[in-house]
Participant: 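My structure is below; once you've seen it, I'll send some questions.
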Amino acid sequence: MEQNMFCFQCEQTAGCTGCTGAKGVCGKTADTARLQDELTGALIGLSHAADENTPLAETTWKLMVEGLFATLTNVSFDDKAIAEITDRIHQEKARLRPDCGGCASPCGHNDDYDMKLLWNAQEDIRSLKSLILFGLKGMAAYAYHALMLGASDETVNQFFLTGLREIAKDGTVESLLPTVLKVGEVNLTCMAMLDAANTGTYGTPIPVSVPLVVERGPFIVVTGHDLKDLELLLKQTEGKGVNIYTHGEMLPAHAYPELRKYPQLKGNFGTAWQNQQ
């Protein structure tokens with residue numbers, strides 16, 4: 001029997017209220033939405049296992065950032081990949097709390113959070129907790145791209161734990177508002193980290209003219225925000241006669257000297273991500 005979804009985390013959501021059918025406006029299926037909710041619930045469970053008395057490995061932070069990023073709007077519709085990240089989160093939780101494997105629910109260390117508790121919460125509480133959750137997911141995108149360039153920040157990492165734990169609490173409007181505001185504050189720290197990583201790796205961006213025409217010959221169009229992916233693609237196509245065009249959000253890549261130096265980086269193709277077909 002076909003299941004319906006509930007998803008309202010992007011600006012394209014149906015009727016400005018939420019996608020509730022078998023498939024979202026973005027093309028995400030109800031099964032994928034369910035798996036993303038399970039992944040988010042597992043991450044909230046991991047945040048409780050990783051308390052202040054538990055030493056965390058670098059791999060724990062990477063897993064948390066990767067997991068949050070994977071649930072963001074249209075980043076990944078690969079059901080198998082989403083399920084695999086969830087499995088890795090469960091393994092990490094078991095590593096952090098090996099003595100908690102058979103414990104009952106009151107300790108909270110071994111439980112995944114049921115996202116239905118959030119989606120069915122009183123509307124003000126749902127709204128504030130959603131602001132925290134979606135803010136953390138967006139921040140994870142910045143943190144992930146910075147991580148690909150070898151950058152991370154302890155304040156940002158710790159706040160992922162703080163924010164996820166807040167979602168599972170029986171909070172009030174008054175108790176949730178400070179965390180909502182803190183999301184914005186820490187996000188600025190995260191953006192500064194990514195900016196430093198980008199400029200430190202690819203140089204300080206400067207204004208440039210970007211052609212919008214497509215030249216003759218084979219070409220690849222690359223979208224998204226990951227400058228590291230673009231750099232690897234440019235290195236792989238050097239001298240191959242294959243041109244590279246950016247798309248949508250990747251347009252700013254042309255401003256970075258260390259990327260612009262590749263002659264096969266020709267121009268930009270298309271507009272925003274929702275038009276990328």
Side-chain angles (χ1 to χ4, degrees), residues 1-10 12-13 18-50 54 56-98 100-103 105 108-120 129-130 132-145 147-148 157 160-161 163-165 167-168 223-226 228-229 273:
M1 181 172 153
E2 199 170 58
Q3 298 289 320
N4 287 339
M5 70 161 72
F6 174 72
C7 181
F8 69 154
Q9 73 169 341
C10 85
Q12 272 80 34
T13 192
C19 295
T20 57
K23 183 175 288 189
V25 171
C26 65
K28 180 168 65 177
T29 67
D31 284 341
T32 301
R34 176 182 55 79
L35 287 169
Q36 289 183 343
D37 273 359
E38 289 176 1
L39 171 52
T40 305
L43 284 165
I44 294 173
L46 177 60
S47 73
H48 285 96
T54 308
L56 300 184
E58 186 178 333
T59 52
T60 311
W61 300 121
K62 184 177 179 181
L63 184 57
M64 188 159 292
V65 167
E66 183 183 348
L68 281 167
F69 185 34
T71 67
L72 181 62
T73 311
N74 63 339
V75 168
S76 175
F77 292 167
D78 186 333
D79 289 358
K80 182 180 178 182
I82 295 170
E84 286 175 349
I85 297 176
T86 304
D87 287 341
R88 287 162 51 204
I89 291 167
H90 287 152
Q91 292 167 16
E92 181 64 11
K93 192 162 56 170
R95 184 189 72 81
L96 292 172
R97 293 285 178 179
C100 239
C103 65
S105 57
H109 294 144
N110 200 44
D111 299 329
D112 288 352
Y113 180 73
D114 183 355
M115 294 299 290
K116 291 187 180 69
L117 295 173
L118 173 54
W119 307 142
N120 294 322
K129 287 188 175 184
S130 296
I132 295 169
L133 177 59
F134 300 160
L136 291 175
K137 291 183 178 189
M139 191 159 62
Y142 296 130
Y144 179 86
H145 293 130
L147 197 60
M148 295 303 99
N157 288 341
F160 283 129
L161 295 179
L164 288 170
R165 289 172 187 154
I167 293 166
T223 189
H225 300 265
D226 200 326
K228 183 64 176 180
D229 281 354
W273 68 262

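Nothing fancy with the numbering, it's 1 onward along the sequence.
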Participant: Between E84 and R88, is there a side-chain N and carboxylate O pair less than 4.0 Å apart?
Facilitator: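 No.
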Participant: Evaluate the side-chain proximity of T60 to N157: yes if any heavy-atom separation is below 4.5 Å, no if none is.
Facilitator: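 SC-SC contact between N157 and T60 ruled out.
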Participant: What I'd like to find out is whether the side chain of L164 reaches to under 4.5 Å of the side chain of L68, using heavy atoms alone.
Facilitator: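 In short, these two side chains touch, coming nearer than 4.5 Å.
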Participant: For K62, check side chain to side chain contact (heavy atoms under 4.5 Å, CB included) against everything at least two apart and list the hits.
Facilitator: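 In terms of side chain to side chain contact (heavy atoms under 4.5 Å, CB included), with neighbours along the sequence ignored, K62 is linked to L147.
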Participant: In chain order, what residues pass the side chain to side chain contact (heavy atoms under 4.5 Å, CB included) check against H145, with sequence neighbours excluded?
Facilitator: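 Partners of H145 by the side chain to side chain contact (heavy atoms under 4.5 Å, CB included) criterion, ordered by chain and then number, come out as F69, L194, H225, D226.
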Participant: I'd like to know if the side chain of E38 and the backbone of A83 have a donor-acceptor N/O pair within less than 3.5 Å.
Facilitator: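 Looks like no, no N/O pair under 3.5 Å.
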Participant: State, yes or no, whether a side-chain contact exists between Y113 and S47 at a heavy-atom distance under 4.5 Å.
Facilitator: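 No; the side chains remain at least 4.5 Å from each other.
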Participant: Applying salt bridge (charged side-chain N to carboxylate O under 4.0 Å, His left out) as the test, list every pair that has at least one member in residues 20-33; sequence neighbours left out.
Facilitator: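 Those involving residues 20-33 do not exist here.
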Participant: Under a 3.5 Å distance rule, please check whether T13 uses its side chain to pair with a backbone N or O of Q9 as donor and acceptor.
Facilitator: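 Here the side-chain-to-backbone pair does not exist.
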Participant: Looking at side-chain heavy atoms only, is the closest gap between M64 and L161 below 4.5 Å?
Facilitator: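 M64 reaches L161 side chain to side chain.
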Participant: Less than 3.5 Å apart, any donor N or O on the side chain of H48 or D111 sitting next to an acceptor on the other?
Facilitator: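 The criterion, which ignores hydrogens and geometry beyond distance, is not satisfied for D111 and H48.
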Participant: Evaluate the side-chain proximity of D37 to M5: yes if any heavy-atom separation is below 4.5 Å, no if none is.
Facilitator: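 The answer is no, as the side chains (C-beta and beyond) never meet within the 4.5 Å cut-off.
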Participant: Name the residue from I44, D112, L63 that meets the side-chain contact (heavy atoms from CB on, under 4.5 Å) definition with I89.
Facilitator: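 The side-chain contact (heavy atoms from CB on, under 4.5 Å) with I89 is passed solely by L63 among I44, D112, L63.
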Participant: For F160 and W61, run ring pair (Phe, Tyr, Trp, His ring centres under 6.0 Å): C-alpha distance rounded to whole Å, both residues' side-chain angles, the deciding distance at 0.1 Å, then the answer.
Facilitator: CA-CA 9 Å; F160 283 129; W61 300 121; 8.1 Å; no
